[in-house]
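Structure first, then comments.
Scope of the values below: all heavy atoms of this structure, side chains included, with no hydrogens, waters or symmetry mates. Below, read A as the first sequence line, B as the second, and so on, with proteins coming before strands; counting in each chain starts at 1.
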Amino acid sequence: MSKQTAPAPARPRPMDIVQAGMKRRYAEERRFRFYGKLAIGAGLLFLTLLFTSIVANGYSAFVQSFIQLEVYLDAEKLDPQGTRDPAQLGTADYGGLVKQSLRSAFPEVSDRRDKRALYGLVSSGADFQLRSMVLEDPDIIGTRQTLWVPADDDVDMFLKGHIDRSIPEADRRIKDNQISWLDQLAAEGRIEKRFNTTFFTAGDSRDPELAGIRGAVMGSLLTLMVTLVLSFPIGVAAAVYLEEFAPRNRWTDLIEVNINNLAAVPSIVFGLLGLAVFINFFGIPRSAPLVGGLVLTLMTLPTIIIASRAALKSVPPSIREAALGVGASPMQTIMYHVLPLAMPGMLTGTIIGMAQALGESAPLLMIGMVAFIVDVPSSVFDPATVLPVQIFLWADSPERAFVERTSAAIMVLLAFLVVMNALAVVLRKRFERRW
Amino acid sequence: MQNTQTGVKTPPRTTAGPTELDAASDVKDAVTVAHTATVSRDVRETVGEIRVADPRIRCDNVSVYYGEKRAINDISLDIEKNAVIALIGPSGCGKSTFLRCLNRMNDTIDGCRVTGDIVLDEININSPKIDVVPLRAQVGMVFQKPNPFPKSIWENIAFGPRIHGLAQDKEELDEIVVSSLKRAGLWSEVNDRLDQPGTGLSGGQQQRLCIARTIAVGPEVILMDEPCSALDPIATARIEDLIDELREQYTICIVTHSMQQAARVSQRTAYFHLGDLIEVGDTDQIFTNPRHELTEDYITGRFG
């Protein structure tokens, strides 16, 4: 009681306390903002580093060195009987013709080992190029043809400056005599760098200059097609049932928890599941886009279901009431009103799920899509590989020329991903409705 | 609140006390009205005549439960044919819940259970065997917030007739759209932009669009759940005029928070309180001469 009656000590005005603290508060705020900027800056820095390193490594893969050869298509060697029989023409010794042409270009080379080095200047693909030329038009037999053939990968690397001439010959993939021949060819204008169409039109190869991503791109497309065709309808149907029809009880709660958990399961586990169920139990051919698509469907489904349910939840209940109020059945309500409004969100989720699936490699390793496959797959049953796995395979290869091809393949994959994500953003911006 | 009765059409002063109108318009004198009520606040039974000679819907002992909680208790009430009945009462009294029983909209709420008989055309529509789709075509509903479909005006109205197969071809559908818009008093405002989205209309126009959408299906009863609560006074007046016109063809049941509105548009009024139907009667009688003290408290603005 006495305390209450005693004169109160002169307390500072609240405003003074507030003012005194302002400086500290603003300093805190500035620091907080600075941390945010720092985080974004660091992110951007690493992203730039990543892109520059990939592009710097990979851009040169889009050009390829070609060497001009003058080949005499000796009728004696190709078609001694003069039958022009394609079967016989197909098995003729074109390699010999290419070697002959190189020998005649450099007549001074006589030593056996030097000759082998000389033959090594052009790609082994030159033989096939010559063969297909002849098969296409057998009338050129007996004439002298000028053609550009791809250079060998080491030569290509040398011409692109990736192999330094100043290092000792013993440590160099390209020997001194090869360098002098190349210099001579270059002086004669018989070396050119051209756009590397092979990279986009060929399947995989052991020879980097003949290797392309077409097989992997087709494999990815077929796999994604299977994934899309399966995961979109299943995902949307599951989401619609769970969101619109299912009663709320222990079972649906359990299902919901499990779907959310599946979204976090490591993807390689899905690969093991695919191996055990689809390949070993159902006997679907291994390495096929079909089984890859099935596995990626399992992986993508939770993403699509969760995104679709969120999209359905965001449709205001007033729309459902309005439709039900004029006597629409639940299915009419969903088909005419709820689904169209939820579709942009569902599609966005699906595209993001597809982009995930496109970049996935781990589960596909388990089901044999990591095999070395030269042929471009033409159906979902053909053995195939996919872009990320192709990148993994090339990154593992020892040839210097595969380094740039790895980076180039990464650029292609990133381009696909950027396009897909941009599509998702556009869809969202364009069709998203607000109430 | 002292103006609760300013909108009342001049009531017949036969049985009522001498100066209700004047008294109710003044808070101080509101107490004098209290003397007209004779039924104590403790009485929960319905006061007034719940039955009418010519009912469109007859409700018997309707109760609604949300899970374990009982939202309305044993309500019996007749909805008169070609008349407007207003359901009034404080928030949470169960008037909207009761309204939604009449076309089974409560089915859409998880854990909601309705008991009792609701008889329409001698059929108990509360029976689980009843198909709610044709029922909702027969008993249409207009909601509190205007909720046009995010589609064109034409589509908004054509949807109902189309799903029910009311039109043979596009021409007939066009006819239904035009006549519904005309009856809802919206035609002159939107006839040149039927292909524009319905969500682009003003709030009052949207609500009339929703009414047009409801009558396009050709219902016999229209339920309105606070149709004007989101509208300004001018739009409200238009809707009220519309309700008055529609009364000739339809049976209308309207929930409203505005007692002026109830007084203006309805012929009968039912007052709900905490899940009980407290008093039913002619609108004029309820607003001028309430018999239950709770009703009187509410309309004189003592609470609610």
Ignoring hydrogens and angles, write down the donor-acceptor pairs under 3.5 Å from the side chains of residues 130-143 of chain B, residues two or more places apart or on other chains.
unit_1	atom_1	unit_2	atom_2	d
B/D131	OD1	B/V133	N	3.1
B/R136	NE	B/N103	O	3.2
B/R136	NH2	B/R104	O	2.8
B/Q138	NE2	B/D121	OD2	2.9
B/Q138	NE2	B/E220	OE1	2.9

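Heavy atoms closer than 4.5 Å to chain A are found nowhere in B/R162, neither backbone nor side chain.
Across A/L341 and B/P150, no two heavy atoms sit closer than the pair CD2-CG, 3.4 Å. The two atoms that bring B/D110 and A/R248 nearest to each other are OD2-CG, 3.7 Å, heavy atoms only.
Surrounding CE of A/M420 are more than 12 heavy atoms belonging to other residues, nucleotides or ligands, all under 6.0 Å away.
A/E321 has a carboxylate O that lies under 4.0 Å from a charged side-chain N of B/R100, or vice versa, which qualifies the two as a salt bridge.
Note on ring orientation: taking the six-membered ring where Trp is involved, the planes of B/F149 and A/H337 are parallel (angle under 30°, cut-offs 30° and 60°).
Contact tally against chain B (heavy-atom pairs below 4.5 Å) for A/G325, A/A328, A/A322, A/A323: the top residue is A/A322.
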